[in-house]
Amino acid sequence: MALIELSKVGKDYASGPEVVRALKEVDLEIGAGEFVAVIGASGSGKSTLMNILGCLDRPTRGSYRLAGVDVSGRSADARAIVRNRLIGFVFQGFNLLPRTTALENVELPLVYRGVSARARRRRAIAALAKVGLADRLGHSPAQLSGGQQQRVAIARALVTDPPLVLADEPTGNLDTRTSYEVLALLQALVRDRGLTVVLVTHEPDIAACASRVVTVRDGRIQADERTAEPTRAARLLEELGGAPE
């Protein structure tokens, strides 16, 4: 079943007297439970595509259906409701609140939903346990490694039980070993929980861990290929002489 359906999507931006066509006639369908990497050089349109997929922006032309809902022409407030219900975000810079604990950071999306304090705590603890941080609940971001901070960010993305996680360069600030740890976690979430993950990257070795690679160039999808044997991040860790935390 298709979770994401883009049809003839275009996005234009005004740049002085000129109009920049950031996306041009993009057709894309992503099924539930897929791990898809979107790859492209700077300026290719991949970030614009991610913003539309994440309901952070809307297309100038074409239609976007997410979980069967047409979100193309919805207002900013309506798109915010869709984001909160259907999408978890993971960013390159982690975007954690520095003066709050890991537990409080993960609880935050549930605060916006009006979930009770007791239920928020229970669900946040469970989400942190899923990413291997049950023993770091009271730690602030400054007390955590980069990989642990990204795990907190992933737990925050998971705490609302969204069907879709959008990961924007999630390994960009991490060393090689920690990058593989994060990728191994994402692969496990797709495999074990049926989560749909769309990961934006400019690194081919990171994209190779996905089961499908969509290449964006000059605002168009240049290639859309399924990976016969995605690279197993856990195996890469073993080759480095380590294992996921």
Side-chain angles (χ1 to χ4, degrees), residues 2-31 34-95 112 150 153 157 162 164-174 179 196-210 212-227:
L3 180 65
I4 288 171
E5 298 172 273
L6 297 183
S7 178
K8 306 299 180 187
V9 163
K11 181 63 183 179
D12 299 342
Y13 294 105
S15 179
E18 299 183 351
V19 174
V20 176
R21 298 187 66 193
L23 288 181
K24 307 166 187 173
E25 304 295 315
V26 170
D27 293 319
L28 180 65
E29 187 172 299
I30 296 175
E34 286 197 82
F35 186 176
V36 179
V38 177
I39 191 167
S42 177
S44 64
K46 66 181 188 300
S47 295
T48 301
L49 177 59
M50 177 65 94
N51 286 340
I52 288 175
L53 292 179
C55 296
L56 298 168
D57 202 353
R58 60 185 182 185
T60 306
R61 296 172 301 282
S63 68
Y64 173 28
R65 296 181 68 84
L66 176 60
V69 177
D70 189 344
V71 296
S72 310
R74 295 203 171 199
S75 68
D77 288 345
R79 293 198 310 275
I81 292 172
V82 172
R83 286 198 303 273
N84 187 253
R85 291 179 178 174
L86 298 178
I87 306 171
F89 291 91
V90 181
F91 301 99
Q92 177 177 342
F94 316 140
N95 289 12
Y112 297 144
Q150 194 59 292
L164 172 64
V165 168
L166 298 180
D168 191 359
E169 300 277 5
T171 62
N173 286 340
L174 305 176
S179 295
T196 304
V197 173
V198 179
L199 179 151
V200 167
T201 183
H202 63 276
E203 301 178 72
D205 59 329
I206 299 298
C209 291
R212 181 176 164 195
V213 179
V214 174
T215 304
V216 180
R217 182 175 182 181
D218 296 330
R220 300 182 187 275
I221 292 180
Q222 183 183 45
D224 184 350
E225 301 172 321
R226 297 193 178 275
T227 309

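Source: prediction; values computed, not measured. What's counted below: heavy atoms across the whole structure, side chains too, no hydrogens, waters or symmetry copies.
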If I compare all heavy atoms of V82 with all of C55, which pair ends up nearest, and what's the gap?
CG1-SG, 3.9 Å
Which residues pass the salt bridge (Lys or Arg N to Asp or Glu O under 4.0 Å) test with E5, sequence neighbours left out?
none
Walk me through whether L53 and L6 qualify under side chain to side chain contact (heavy atoms under 4.5 Å, CB included).
CA-CA 9 Å; L53 292 179; L6 297 183; 4.0 Å; yes
Can you give me the closest heavy-atom contact between N173 and G93, atom names plus distance?
ND2-CA, 3.8 Å
From OG1 (T215) to CD1 (I221), nearest 0.5 Å
9.5 Å
With a cut-off of 3.5 Å and sequence neighbours excluded, list every side-chain donor-acceptor pair involving residues 18-27.
{"residue": "K24", "atom": "NZ", "partner": "D218", "partner atom": "O", "Å": "3.3"}
{"residue": "D27", "atom": "OD1", "partner": "K8", "partner atom": "N", "Å": "2.6"}
{"residue": "D27", "atom": "OD2", "partner": "K8", "partner atom": "NZ", "Å": "3.4"}

Going by heavy atoms in the side chains, are R83 and L56 under 4.5 Å from each other?
yes
Side chains of D168 and F89, heavy atoms from C-beta outward: is any pair under 4.5 Å?
no
With side chain to side chain donor-acceptor pair (under 3.5 Å) as the rule and sequence neighbours excluded, what pairs involving residues 48-61 come up?
K11-D57, D12-R61, Y13-D57
If I compare all heavy atoms of A210 with all of T227, which pair ends up nearest, and what's the gap?
O-OG1, 3.2 Å
Donor-acceptor pair, side chain of E169 and main chain of L199, under 3.5 angstrom
no
Among all residues two or more places apart in sequence or in another chain, which pass the ring pair (Phe, Tyr, Trp, His ring centres under 6.0 Å) test with Y64?
none
Taken to the nearest 0.5 Å, the spacing of I87 CD1 from T196 OG1 works out to 11.5 Å
Just so I know, are the side chains of H202 and S42 near enough to count as touching, which here means a heavy-atom distance under 4.5 Å?
no
Closest heavy-atom pair, P59 versus S72, reported as atoms and distance to 0.1 Å, is CD-O, 3.9 Å
What residues form a side-chain contact (heavy atoms from CB on, under 4.5 Å) with E34, not counting sequence neighbours?
I30, V36, R212, R226
Is there a donor-acceptor pair closer than 3.5 Å between any side-chain N or O of Q150 and the backbone N or O of P170?
yes
Could you pull out all residues at least two apart from A78 that satisfy side-chain contact (heavy atoms from CB on, under 4.5 Å)?
R74, S75
Grab the two heavy atoms, one from V38 and one from K46, that are nearest each other, plus how far apart they are.
CG1-CB, 3.9 Å
Is L28 close to D224 at the side-chain level, that is, under 4.5 Å between some pair of heavy atoms?
yes
Minimum-distance pair of heavy atoms, taken over all atoms of G54 and L166
CA-CD1, 3.3 Å
